[in-house]
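Accompanying notes for the structure given below.
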Amino acid sequence: MEEKWSSLDLEEMINKYVSKTRIFRNREVLRHSYTPPYLPHREVQIEELVRVLAPALRGETPSNVLVYGKTGTGKTVTVKFVTDELKRIADKKGLPMNVIYINCELVDTEYRVLARLVNSFYYETGFRVPMVGWPTDEVYSKLVEILDSKRRFVIIVLDEVDRLVKKSGDTILYSLSRINYELQHARVGVVGISNDLRFKDYLDARVLSSLGEEEIVFPPYDANQLADILTGRAKEAFYEGVLEPGVIPLCAALAAREHGDARRALDLLRVAGEIAEKEHSAKVTERHVRLAQERIEFDTIAEAILTLPIHSKLILHAVVILDEHDRLPANTGEVYAVYKDLCDYFSLDPLTQRRVSDLINELDTMGILNARVVSKGRYGRTKEIRLSLPSSKLRRIYMADKKLRELLAFELSKERRLIDWMS
DNA sequence: TGTCCACTGGAAGGGAGGGCTT
DNA sequence: AAGCCCTCCCTTCCAGTGGACA
(Lines give C-alpha, C1' and ligand atoms only; values in the text may rest on other atoms or scores of the structure.)
Protein backbone atom coordinates (compact mmCIF):
# COMPACT_ATOMS: atom_id res chain seq x y z
CA MET A 1 0.00 0.00 0.00
CA GLU A 2 2.58 2.51 1.15
CA GLU A 3 4.70 2.30 -1.95
CA LYS A 4 1.76 3.62 -3.93
CA TRP A 5 2.12 6.96 -2.19
CA SER A 6 4.76 9.10 -3.77
CA SER A 7 6.07 11.80 -1.50
CA LEU A 8 4.62 14.31 -3.94
CA ASP A 9 1.08 13.02 -3.46
CA LEU A 10 1.55 13.10 0.22
CA GLU A 11 2.83 16.63 0.22
CA GLU A 12 -0.14 17.73 -1.83
CA MET A 13 -2.48 16.01 0.53
CA ILE A 14 -0.89 17.53 3.57
CA ASN A 15 -1.02 20.96 2.00
CA LYS A 16 -4.64 20.51 1.17
CA TYR A 17 -5.36 19.47 4.70
CA VAL A 18 -3.40 22.33 6.14
CA SER A 19 -5.07 24.88 3.94
CA LYS A 20 -8.39 23.36 4.79
CA THR A 21 -7.95 23.99 8.46
CA ARG A 22 -6.48 27.42 8.11
CA ILE A 23 -9.79 29.28 8.02
CA PHE A 24 -11.83 27.71 10.80
CA ARG A 25 -10.55 27.12 14.27
CA ASN A 26 -13.97 25.80 15.38
CA ARG A 27 -16.92 26.23 13.09
CA GLU A 28 -19.39 24.69 15.52
CA VAL A 29 -19.41 28.01 17.33
CA LEU A 30 -21.24 29.52 14.38
CA ARG A 31 -24.12 27.06 14.41
CA HIS A 32 -27.36 28.19 16.00
CA SER A 33 -27.53 25.11 18.17
CA TYR A 34 -24.43 26.33 19.99
CA THR A 35 -25.00 28.03 23.33
CA PRO A 36 -22.24 30.59 23.88
CA PRO A 37 -20.95 31.28 27.38
CA TYR A 38 -21.88 34.93 27.03
CA LEU A 39 -24.90 36.52 25.34
CA PRO A 40 -24.32 40.13 24.36
CA HIS A 41 -27.23 42.59 24.43
CA ARG A 42 -29.55 40.22 26.25
CA GLU A 43 -28.68 41.15 29.82
CA VAL A 44 -32.14 42.58 30.51
CA GLN A 45 -33.97 39.52 29.24
CA ILE A 46 -31.68 37.15 31.11
CA GLU A 47 -32.34 38.95 34.35
CA GLU A 48 -36.10 38.95 33.75
CA LEU A 49 -36.06 35.26 33.10
CA VAL A 50 -34.02 34.55 36.18
CA ARG A 51 -36.39 36.65 38.27
CA VAL A 52 -39.33 34.60 37.01
CA LEU A 53 -37.82 31.14 37.24
CA ALA A 54 -35.43 31.36 40.17
CA PRO A 55 -38.15 31.00 42.84
CA ALA A 56 -38.08 27.30 41.99
CA LEU A 57 -34.69 27.17 43.67
CA ARG A 58 -36.32 28.46 46.84
CA GLY A 59 -38.93 25.74 46.62
CA GLU A 60 -41.68 27.99 45.34
CA THR A 61 -43.82 27.44 42.28
CA PRO A 62 -42.21 29.27 39.37
CA SER A 63 -44.44 31.60 37.33
CA ASN A 64 -45.39 30.73 33.83
CA VAL A 65 -43.88 33.01 31.24
CA LEU A 66 -44.32 33.95 27.61
CA VAL A 67 -41.28 34.91 25.60
CA TYR A 68 -41.79 36.89 22.40
CA GLY A 69 -39.56 37.91 19.57
CA LYS A 70 -38.90 37.33 15.88
CA THR A 71 -36.63 34.57 14.61
CA GLY A 72 -32.99 35.02 15.46
CA THR A 73 -33.50 37.42 18.34
CA GLY A 74 -31.91 35.01 20.77
CA LYS A 75 -35.03 33.72 22.51
CA THR A 76 -34.21 30.04 22.40
CA VAL A 77 -30.56 30.42 23.19
CA THR A 78 -31.32 32.72 26.13
CA VAL A 79 -33.92 30.39 27.59
CA LYS A 80 -31.55 27.45 27.20
CA PHE A 81 -28.77 29.43 28.75
CA VAL A 82 -30.81 30.34 31.82
CA THR A 83 -32.49 26.97 32.30
CA ASP A 84 -29.18 25.13 31.96
CA GLU A 85 -27.76 27.33 34.66
CA LEU A 86 -30.78 26.83 36.92
CA LYS A 87 -30.51 23.10 36.47
CA ARG A 88 -26.82 23.20 37.31
CA ILE A 89 -27.42 25.14 40.50
CA ALA A 90 -30.36 22.95 41.46
CA ASP A 91 -28.21 19.86 41.02
CA LYS A 92 -25.53 21.39 43.19
CA LYS A 93 -28.09 22.08 45.88
CA GLY A 94 -29.49 18.59 45.56
CA LEU A 95 -32.82 19.97 44.44
CA PRO A 96 -34.59 17.69 41.97
CA MET A 97 -35.26 19.67 38.81
CA ASN A 98 -36.11 18.69 35.26
CA VAL A 99 -35.99 20.98 32.27
CA ILE A 100 -37.91 19.67 29.30
CA TYR A 101 -37.46 21.40 26.00
CA ILE A 102 -39.96 20.80 23.21
CA ASN A 103 -39.88 22.37 19.79
CA CYS A 104 -43.50 22.66 18.73
CA GLU A 105 -42.64 23.03 15.09
CA LEU A 106 -42.06 19.29 15.03
CA VAL A 107 -44.25 18.31 17.95
CA ASP A 108 -47.35 20.15 16.93
CA THR A 109 -50.40 18.48 18.44
CA GLU A 110 -51.70 18.21 21.96
CA TYR A 111 -51.21 14.47 21.94
CA ARG A 112 -47.62 14.63 20.75
CA VAL A 113 -46.64 17.25 23.28
CA LEU A 114 -48.05 15.17 26.11
CA ALA A 115 -46.47 12.01 24.75
CA ARG A 116 -43.13 13.79 24.46
CA LEU A 117 -43.40 15.00 28.04
CA VAL A 118 -44.16 11.52 29.34
CA ASN A 119 -41.36 10.03 27.26
CA SER A 120 -38.83 12.53 28.53
CA PHE A 121 -39.03 10.68 31.84
CA TYR A 122 -38.16 7.41 30.13
CA TYR A 123 -34.80 7.17 31.85
CA GLU A 124 -36.63 7.32 35.16
CA THR A 125 -39.76 5.26 34.47
CA GLY A 126 -38.59 2.95 31.71
CA PHE A 127 -41.94 3.69 30.16
CA ARG A 128 -42.85 5.05 26.77
CA VAL A 129 -46.11 6.25 25.22
CA PRO A 130 -46.38 5.38 21.53
CA MET A 131 -46.47 8.32 19.13
CA VAL A 132 -50.06 7.47 18.23
CA GLY A 133 -52.68 5.20 19.63
CA TRP A 134 -53.60 6.32 23.13
CA PRO A 135 -56.53 8.51 24.05
CA THR A 136 -55.14 11.96 24.79
CA ASP A 137 -56.59 12.26 28.28
CA GLU A 138 -54.94 9.02 29.26
CA VAL A 139 -51.56 10.38 28.24
CA TYR A 140 -52.33 13.42 30.35
CA SER A 141 -53.20 11.29 33.39
CA LYS A 142 -50.01 9.34 32.90
CA LEU A 143 -48.05 12.57 32.82
CA VAL A 144 -49.63 13.77 36.04
CA GLU A 145 -48.90 10.42 37.65
CA ILE A 146 -45.25 10.45 36.62
CA LEU A 147 -44.69 14.08 37.57
CA ASP A 148 -46.25 13.59 40.95
CA SER A 149 -44.38 10.41 41.79
CA LYS A 150 -41.93 12.51 43.78
CA ARG A 151 -41.12 16.00 44.92
CA ARG A 152 -39.54 17.98 42.08
CA PHE A 153 -39.55 21.07 39.94
CA VAL A 154 -40.19 20.80 36.27
CA ILE A 155 -39.68 23.56 33.74
CA ILE A 156 -41.39 22.89 30.44
CA VAL A 157 -40.09 24.96 27.55
CA LEU A 158 -42.41 25.07 24.55
CA ASP A 159 -40.51 26.60 21.68
CA GLU A 160 -42.47 27.96 18.71
CA VAL A 161 -45.59 27.54 20.77
CA ASP A 162 -47.53 29.79 18.38
CA ARG A 163 -47.36 27.05 15.77
CA LEU A 164 -48.84 24.57 18.16
CA VAL A 165 -51.72 26.86 19.06
CA LYS A 166 -52.47 27.84 15.47
CA LYS A 167 -52.56 24.22 14.46
CA SER A 168 -54.14 22.47 17.40
CA GLY A 169 -55.71 25.13 19.58
CA ASP A 170 -54.83 26.10 23.13
CA THR A 171 -56.31 23.23 25.15
CA ILE A 172 -52.84 21.85 25.77
CA LEU A 173 -51.69 25.17 27.16
CA TYR A 174 -54.76 25.33 29.31
CA SER A 175 -54.14 21.93 30.84
CA LEU A 176 -50.44 22.56 31.31
CA SER A 177 -50.94 25.92 32.91
CA ARG A 178 -53.37 24.35 35.40
CA ILE A 179 -51.46 21.17 35.99
CA ASN A 180 -50.14 22.39 39.34
CA TYR A 181 -53.63 22.06 40.81
CA GLU A 182 -53.51 18.33 40.19
CA LEU A 183 -50.09 17.83 41.67
CA GLN A 184 -49.37 17.09 45.31
CA HIS A 185 -45.59 16.87 45.27
CA ALA A 186 -44.29 18.29 42.02
CA ARG A 187 -44.34 21.86 40.71
CA VAL A 188 -44.42 22.84 37.05
CA GLY A 189 -43.51 26.07 35.30
CA VAL A 190 -44.18 26.63 31.62
CA VAL A 191 -42.04 28.80 29.37
CA GLY A 192 -43.73 29.50 26.04
CA ILE A 193 -41.57 30.89 23.26
CA SER A 194 -43.34 32.56 20.36
CA ASN A 195 -42.16 34.06 17.10
CA ASP A 196 -45.47 35.75 16.60
CA LEU A 197 -45.98 38.97 18.49
CA ARG A 198 -49.73 38.76 18.07
CA PHE A 199 -49.72 35.30 19.57
CA LYS A 200 -51.81 36.38 22.54
CA ASP A 201 -54.76 37.04 20.27
CA TYR A 202 -55.09 33.34 19.65
CA LEU A 203 -55.34 32.49 23.30
CA ASP A 204 -58.40 32.06 25.44
CA ALA A 205 -58.60 34.51 28.33
CA ARG A 206 -58.28 31.71 30.89
CA VAL A 207 -55.06 30.46 29.32
CA LEU A 208 -53.71 33.95 29.03
CA SER A 209 -54.29 34.71 32.69
CA SER A 210 -52.18 31.81 33.86
CA LEU A 211 -49.65 31.40 31.08
CA GLY A 212 -49.15 35.07 30.45
CA GLU A 213 -48.41 35.90 34.08
CA GLU A 214 -45.09 37.18 32.90
CA GLU A 215 -43.94 38.37 29.50
CA ILE A 216 -40.51 38.96 28.14
CA VAL A 217 -39.99 40.66 24.80
CA PHE A 218 -36.89 40.16 22.67
CA PRO A 219 -36.47 43.12 20.32
CA PRO A 220 -34.59 42.57 17.04
CA TYR A 221 -30.85 43.23 17.09
CA ASP A 222 -29.59 46.24 15.18
CA ALA A 223 -26.57 46.06 12.91
CA ASN A 224 -24.14 47.14 15.64
CA GLN A 225 -25.38 44.55 18.07
CA LEU A 226 -25.20 41.87 15.41
CA ALA A 227 -21.64 42.92 14.70
CA ASP A 228 -20.86 42.53 18.42
CA ILE A 229 -22.30 39.04 18.46
CA LEU A 230 -20.39 38.04 15.35
CA THR A 231 -17.14 39.49 16.65
CA GLY A 232 -17.48 37.48 19.83
CA ARG A 233 -18.12 34.24 18.00
CA ALA A 234 -15.59 34.90 15.25
CA LYS A 235 -12.73 35.03 17.76
CA GLU A 236 -13.51 31.46 18.64
CA ALA A 237 -14.54 30.28 15.19
CA PHE A 238 -11.78 31.63 12.94
CA TYR A 239 -8.04 31.82 13.06
CA GLU A 240 -6.62 35.24 13.66
CA GLY A 241 -6.43 37.60 10.72
CA VAL A 242 -8.51 35.39 8.47
CA LEU A 243 -11.46 37.76 8.28
CA GLU A 244 -11.06 40.89 6.21
CA PRO A 245 -12.23 43.96 8.13
CA GLY A 246 -15.38 44.50 6.07
CA VAL A 247 -16.71 40.98 6.52
CA ILE A 248 -18.41 41.21 9.88
CA PRO A 249 -20.04 44.61 9.25
CA LEU A 250 -21.40 43.30 5.96
CA CYS A 251 -22.84 40.14 7.51
CA ALA A 252 -24.37 42.28 10.24
CA ALA A 253 -25.82 44.76 7.78
CA LEU A 254 -27.34 42.08 5.56
CA ALA A 255 -28.88 40.31 8.53
CA ALA A 256 -30.13 43.55 10.06
CA ARG A 257 -32.04 44.15 6.89
CA GLU A 258 -33.66 40.80 7.56
CA HIS A 259 -35.39 41.99 10.76
CA GLY A 260 -32.22 41.71 12.84
CA ASP A 261 -31.88 37.97 12.56
CA ALA A 262 -28.78 36.76 14.40
CA ARG A 263 -29.25 33.32 13.00
CA ARG A 264 -28.98 34.64 9.50
CA ALA A 265 -25.90 36.66 10.45
CA LEU A 266 -24.18 33.56 11.81
CA ASP A 267 -25.15 31.53 8.74
CA LEU A 268 -23.73 34.20 6.48
CA LEU A 269 -20.46 34.23 8.33
CA ARG A 270 -20.18 30.46 8.43
CA VAL A 271 -21.10 29.91 4.78
CA ALA A 272 -18.78 32.72 3.70
CA GLY A 273 -16.01 30.93 5.56
CA GLU A 274 -16.90 27.65 3.93
CA ILE A 275 -16.83 29.18 0.47
CA ALA A 276 -13.45 30.78 1.18
CA GLU A 277 -12.18 27.45 2.40
CA LYS A 278 -13.36 25.65 -0.71
CA GLU A 279 -11.60 28.23 -2.84
CA HIS A 280 -8.44 27.64 -0.80
CA SER A 281 -8.46 31.33 -0.16
CA ALA A 282 -6.34 32.54 2.72
CA LYS A 283 -8.90 35.12 3.76
CA VAL A 284 -12.63 35.53 3.96
CA THR A 285 -13.65 38.57 1.94
CA GLU A 286 -16.81 40.59 1.37
CA ARG A 287 -17.18 38.83 -1.95
CA HIS A 288 -17.47 35.54 -0.07
CA VAL A 289 -20.22 37.04 2.07
CA ARG A 290 -22.19 38.10 -1.01
CA LEU A 291 -21.79 34.63 -2.47
CA ALA A 292 -22.93 33.17 0.84
CA GLN A 293 -26.01 35.38 0.82
CA GLU A 294 -26.91 34.14 -2.64
CA ARG A 295 -26.31 30.53 -1.76
CA ILE A 296 -28.36 30.62 1.43
CA GLU A 297 -31.30 32.17 -0.35
CA PHE A 298 -31.12 29.69 -3.18
CA ASP A 299 -30.67 26.68 -0.90
CA THR A 300 -33.63 27.59 1.29
CA ILE A 301 -35.99 27.93 -1.62
CA ALA A 302 -34.60 24.89 -3.46
CA GLU A 303 -34.94 22.73 -0.39
CA ALA A 304 -38.51 23.86 0.07
CA ILE A 305 -39.46 23.16 -3.53
CA LEU A 306 -37.76 19.79 -3.79
CA THR A 307 -39.51 18.48 -0.70
CA LEU A 308 -42.93 19.64 -1.81
CA PRO A 309 -45.60 16.95 -2.26
CA ILE A 310 -46.32 16.13 -5.88
CA HIS A 311 -49.56 18.04 -6.16
CA SER A 312 -48.00 21.21 -4.84
CA LYS A 313 -45.20 20.78 -7.35
CA LEU A 314 -47.74 20.49 -10.13
CA ILE A 315 -49.59 23.57 -8.93
CA LEU A 316 -46.36 25.51 -8.81
CA HIS A 317 -45.49 24.32 -12.26
CA ALA A 318 -48.89 25.33 -13.55
CA VAL A 319 -48.05 28.86 -12.44
CA VAL A 320 -44.62 28.62 -14.09
CA ILE A 321 -46.25 27.62 -17.37
CA LEU A 322 -48.69 30.48 -17.13
CA ASP A 323 -45.78 32.81 -16.44
CA GLU A 324 -43.91 31.66 -19.49
CA HIS A 325 -46.93 32.35 -21.63
CA ASP A 326 -47.22 35.80 -20.13
CA ARG A 327 -50.42 34.92 -18.36
CA LEU A 328 -49.60 36.22 -14.92
CA PRO A 329 -51.15 37.27 -12.67
CA ALA A 330 -53.51 34.35 -12.99
CA ASN A 331 -56.58 33.56 -10.93
CA THR A 332 -57.36 30.33 -9.11
CA GLY A 333 -59.54 29.00 -11.91
CA GLU A 334 -56.81 29.41 -14.54
CA VAL A 335 -54.16 27.80 -12.39
CA TYR A 336 -56.53 24.97 -11.63
CA ALA A 337 -57.22 24.34 -15.30
CA VAL A 338 -53.52 24.06 -16.18
CA TYR A 339 -52.96 21.97 -13.08
CA LYS A 340 -55.63 19.54 -14.20
CA ASP A 341 -53.93 19.22 -17.56
CA LEU A 342 -50.67 18.43 -15.79
CA CYS A 343 -52.39 15.78 -13.68
CA ASP A 344 -53.79 14.31 -16.83
CA TYR A 345 -50.32 14.17 -18.35
CA PHE A 346 -48.94 12.41 -15.29
CA SER A 347 -52.00 10.13 -14.95
CA LEU A 348 -52.78 11.50 -11.51
CA ASP A 349 -56.21 12.13 -10.03
CA PRO A 350 -56.51 15.89 -9.64
CA LEU A 351 -57.41 17.32 -6.25
CA THR A 352 -60.51 19.46 -5.88
CA GLN A 353 -60.30 23.17 -6.44
CA ARG A 354 -61.01 23.73 -2.76
CA ARG A 355 -57.93 21.77 -1.82
CA VAL A 356 -55.82 23.40 -4.50
CA SER A 357 -56.88 26.76 -3.14
CA ASP A 358 -55.43 25.76 0.24
CA LEU A 359 -52.22 24.49 -1.33
CA ILE A 360 -51.83 27.79 -3.16
CA ASN A 361 -52.08 29.51 0.21
CA GLU A 362 -49.39 27.22 1.56
CA LEU A 363 -47.09 28.05 -1.33
CA ASP A 364 -47.79 31.68 -0.59
CA THR A 365 -46.79 31.37 3.07
CA MET A 366 -43.63 29.58 2.01
CA GLY A 367 -42.82 32.58 -0.15
CA ILE A 368 -42.70 30.62 -3.38
CA LEU A 369 -45.89 32.06 -4.79
CA ASN A 370 -47.60 35.32 -4.20
CA ALA A 371 -51.35 34.99 -3.80
CA ARG A 372 -53.56 37.94 -2.97
CA VAL A 373 -57.32 37.89 -2.72
CA VAL A 374 -58.83 40.50 -5.00
CA SER A 375 -62.30 41.32 -6.14
CA LYS A 376 -62.81 41.90 -9.82
CA GLY A 377 -66.32 43.12 -9.30
CA ARG A 378 -68.60 41.77 -11.94
CA TYR A 379 -65.96 39.11 -12.66
CA GLY A 380 -65.93 37.65 -9.21
CA ARG A 381 -63.67 37.39 -6.26
CA THR A 382 -60.53 35.28 -6.58
CA LYS A 383 -56.82 35.13 -5.88
CA GLU A 384 -54.31 36.98 -7.97
CA ILE A 385 -51.39 34.59 -8.27
CA ARG A 386 -47.82 35.41 -9.23
CA LEU A 387 -44.41 33.79 -8.84
CA SER A 388 -42.23 35.26 -6.13
CA LEU A 389 -39.07 34.36 -7.98
CA PRO A 390 -38.18 34.21 -11.67
CA SER A 391 -39.16 31.03 -13.48
CA SER A 392 -35.57 30.68 -14.72
CA LYS A 393 -34.50 30.16 -11.10
CA LEU A 394 -37.18 27.55 -10.64
CA ARG A 395 -35.94 25.72 -13.67
CA ARG A 396 -32.47 25.58 -12.21
CA ILE A 397 -33.96 23.97 -9.14
CA TYR A 398 -35.96 21.50 -11.17
CA MET A 399 -32.82 20.23 -12.82
CA ALA A 400 -31.63 18.93 -9.48
CA ASP A 401 -34.58 16.56 -9.23
CA LYS A 402 -35.18 13.63 -11.53
CA LYS A 403 -38.93 13.65 -11.25
CA LEU A 404 -39.24 17.38 -11.58
CA ARG A 405 -37.22 17.26 -14.75
CA GLU A 406 -40.11 15.38 -16.30
CA LEU A 407 -42.17 18.50 -15.82
CA LEU A 408 -39.96 20.21 -18.34
CA ALA A 409 -40.89 17.60 -20.92
CA PHE A 410 -44.50 18.50 -20.43
CA GLU A 411 -44.44 21.67 -22.43
CA LEU A 412 -42.85 20.07 -25.44
CA SER A 413 -45.55 17.49 -25.87
CA LYS A 414 -48.43 19.59 -24.71
CA GLU A 415 -47.53 23.01 -25.86
CA ARG A 416 -49.92 23.09 -28.76
CA ARG A 417 -52.83 21.99 -26.65
CA LEU A 418 -52.05 24.56 -24.01
CA ILE A 419 -51.82 27.32 -26.50
CA ASP A 420 -55.21 26.20 -27.83
CA TRP A 421 -56.57 26.28 -24.35
CA MET A 422 -55.27 29.71 -23.69
CA SER A 423 -56.65 31.38 -26.76
C1' DT B 1 -79.34 50.56 -6.36
C1' DG B 2 -79.27 45.81 -6.75
C1' DT B 3 -77.29 41.90 -9.07
C1' DC B 4 -74.24 38.50 -9.66
C1' DC B 5 -69.62 36.59 -10.63
C1' DA B 6 -65.90 33.42 -9.18
C1' DC B 7 -64.45 32.40 -6.08
C1' DT B 8 -63.02 32.27 -0.59
C1' DG B 9 -62.67 29.95 3.53
C1' DG B 10 -65.22 27.64 7.44
C1' DA B 11 -67.25 23.26 8.95
C1' DA B 12 -67.94 18.57 9.00
C1' DG B 13 -66.71 14.36 8.03
C1' DG B 14 -64.57 10.22 5.51
C1' DG B 15 -61.10 7.02 5.20
C1' DA B 16 -56.30 5.44 4.90
C1' DG B 17 -52.38 4.70 7.76
C1' DG B 18 -50.39 4.43 11.97
C1' DG B 19 -50.60 2.08 16.63
C1' DC B 20 -52.56 0.81 20.94
C1' DT B 21 -55.21 -2.84 24.32
C1' DT B 22 -57.72 -6.93 25.24
C1' DA C 1 -58.67 -10.44 15.55
C1' DA C 2 -61.58 -6.84 17.17
C1' DG C 3 -62.20 -2.50 18.85
C1' DC C 4 -60.32 1.81 19.90
C1' DC C 5 -57.78 6.13 19.08
C1' DC C 6 -54.97 9.85 16.65
C1' DT C 7 -53.28 12.25 12.53
C1' DC C 8 -53.14 13.57 7.87
C1' DC C 9 -55.00 14.56 3.63
C1' DC C 10 -58.72 15.20 1.31
C1' DT C 11 -63.83 15.95 -0.29
C1' DT C 12 -68.36 17.93 0.03
C1' DC C 13 -71.27 21.49 1.09
C1' DC C 14 -72.20 26.10 1.56
C1' DA C 15 -72.75 30.81 3.33
C1' DG C 16 -70.34 34.92 2.47
C1' DT C 17 -68.24 38.74 -0.26
C1' DG C 18 -65.98 43.14 -2.86
C1' DG C 19 -66.91 45.63 -6.38
C1' DA C 20 -67.94 46.24 -11.75
C1' DC C 21 -71.74 46.65 -14.26
C1' DA C 22 -76.73 47.31 -15.78
Side-chain angles (χ1 to χ4, degrees), chain A residues 102-122 125-146 158 160-161 163-176 198 201-202 204 304-305 307-316 318-319 322 327-344 346-366 368-386 403 421-422:
Chain A
I102 295 181
N103 186 331
C104 303
E105 192 190 353
L106 311 164
V107 185
D108 59 359
T109 65
E110 180 182 9
Y111 181 90
R112 285 189 195 165
V113 169
L114 290 171
R116 183 62 74 92
L117 288 172
V118 169
N119 291 344
S120 67
F121 289 96
Y122 176 70
T125 58
F127 177 84
R128 252 183 222 288
V129 176
M131 281 326 280
V132 283
W134 276 30
T136 305
D137 53 342
E138 227 163 288
V139 185
Y140 179 77
S141 313
K142 190 77 195 173
L143 176 65
V144 170
E145 180 196 320
I146 291 173
L158 298 174
E160 314 220 17
V161 68
R163 298 228 182 192
L164 173 67
V165 171
K166 276 178 208 160
K167 182 146 185 274
S168 317
D170 59 3
T171 44
I172 173 74
L173 293 184
Y174 184 69
S175 13
L176 282 184
R198 293 168 301 115
D201 302 347
Y202 301 102
D204 189 287
I305 288 173
T307 54
L308 241 31
I310 183 68
H311 285 285
S312 297
K313 280 176 181 159
L314 292 182
I315 292 163
L316 174 60
V319 183
L322 286 161
R327 285 278 174 157
L328 292 189
N331 59 35
T332 310
E334 286 160 350
V335 171
Y336 187 65
V338 179
Y339 157 80
K340 272 219 289 213
D341 257 11
L342 284 166
C343 284
D344 187 39
F346 282 96
S347 315
L348 283 166
D349 289 337
L351 303 175
T352 56
Q353 185 162 325
R354 176 70 187 83
R355 179 70 187 137
V356 168
S357 179
D358 276 346
L359 292 179
I360 289 172
N361 286 344
E362 269 175 38
L363 290 170
D364 175 84
T365 7
M366 293 170 74
I368 300 172
L369 289 183
N370 204 304
R372 200 161 56 95
V373 179
V374 291
S375 179
K376 295 186 193 299
R378 182 86 219 168
Y379 306 102
R381 201 163 164 267
T382 180
K383 289 193 183 80
E384 215 172 65
I385 300 157
R386 290 165 225 270
K403 274 198 175 160
W421 174 82
M422 287 192 187

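All chains are named by letter (A, B, ...) in the order of the sequence lines, taking the proteins before the strands, and each is independently numbered beginning at 1.
- Counting distance only, with no hydrogens placed and no angle test, the side-chain atoms of A/R354 and the base atoms of B/dG10 include a donor-acceptor pair under 3.5 Å.
- At a threshold of 4.5 Å between non-hydrogen side-chain atoms, the residues A/L348 and A/L314 count as touching.
- Nearest to the side-chain atoms of A/W134 among the listed nucleotides C/dG19, B/dC20, B/dT8 stands B/dC20.
- Using a 4.0 Å cut-off between charged nitrogen and carboxylate oxygen, A/D358 and A/R354 count as a salt-bridge pair.
- Within the structure, every side-chain polar atom (N or O) of A/T332 is placed at least 4.0 Å from both OP1 and OP2 of B/dC7.
- Rounded to whole angstrom, the span from the CG atom of A/L359 across to the P atom of C/dC9 amounts to 10 Å.
- Atom CG of A/D358 is separated from atom P of B/dC7 by 15 Å (rounded to the nearest Å).
- At the phosphate of C/dT17, neither OP1 nor OP2 sits under 4.0 Å from any side-chain N or O atom of A/S375.
- Remark: side-chain polar atoms of A/Y111 are not paired, donor with acceptor, to backbone N or O of A/V139 under 3.5 angstrom.
- A/S357 has a side-chain polar atom (N or O) that falls below the 4.0 Å cut-off from OP1 or OP2 of B/dT8.
- If you measure from atom CD of A/E334 to atom C1' of B/dC7, you get 12 Å, rounded to the nearest angstrom.
- Here B/dC5 is the nucleotide among B/dC5, C/dT7, C/dC10 with the atom lying nearest to any side-chain atom of A/R378.
- With distances taken from any side-chain atom of A/R355 to the nucleotides C/dT7, B/dG9, C/dT11, the minimum falls on C/dT11.
- Rounding to whole angstrom units, CD of residue A/E384 and P of B/dT8 are separated by 12 Å.
- Looking at A/N331, its side chain does come within 3.5 Å of a backbone N or O of A/E334 through a donor-acceptor pair.
- Whole-Å rounding puts the A/L114 CG to C/dC6 P distance at 11 Å.
- Atom pair A/E362:CD and B/dG9:P shows a separation of 13 Å (rounding to whole Å applied).
- Listed nucleotides C/dG19, C/dC10, B/dA6 differ in distance to A/R381; the shortest reach to its side chain belongs to B/dA6.
- In this structure, the nucleotide among C/dC10, C/dT17, C/dC5 sitting nearest to the side chain of A/P135 is C/dC5.
- A straight line from CG of A/L351 to P of B/dG15 spans 18 Å, rounded to a whole angstrom.
- When the side-chain nitrogen and oxygen atoms of A/K383 are compared with OP1 and OP2 of B/dT8, one or more of them lie within a distance under 4.0 Å.
- A/E138 comes within contact range of no nucleotide atom at all, as no heavy-atom separation falls under 4.0 Å.
- For the pair A/I360 CD1 and B/dC7 C1', the computed distance is 11 Å after rounding to whole Å.
- For A/N361, the listed nucleotide lying nearest its side chain is B/dG9; candidates were B/dG9, C/dC6, B/dT8.
- Distance from the side chain of A/T382 is smallest to B/dC7 among C/dT12, B/dT3, B/dC7.
- Across C/dT7, B/dC5, B/dA6, the shortest atom-to-atom separation from the side chain of A/R112 is found for C/dT7.
- A/E362 CD to A/L316 CG: the interatomic distance, rounded to the nearest 0.5 Å, is 13.0 Å.
- Counted by atom type alone, A/K376 and A/T382 present zero donor-acceptor pairs between their side chains at under 3.5 Å.
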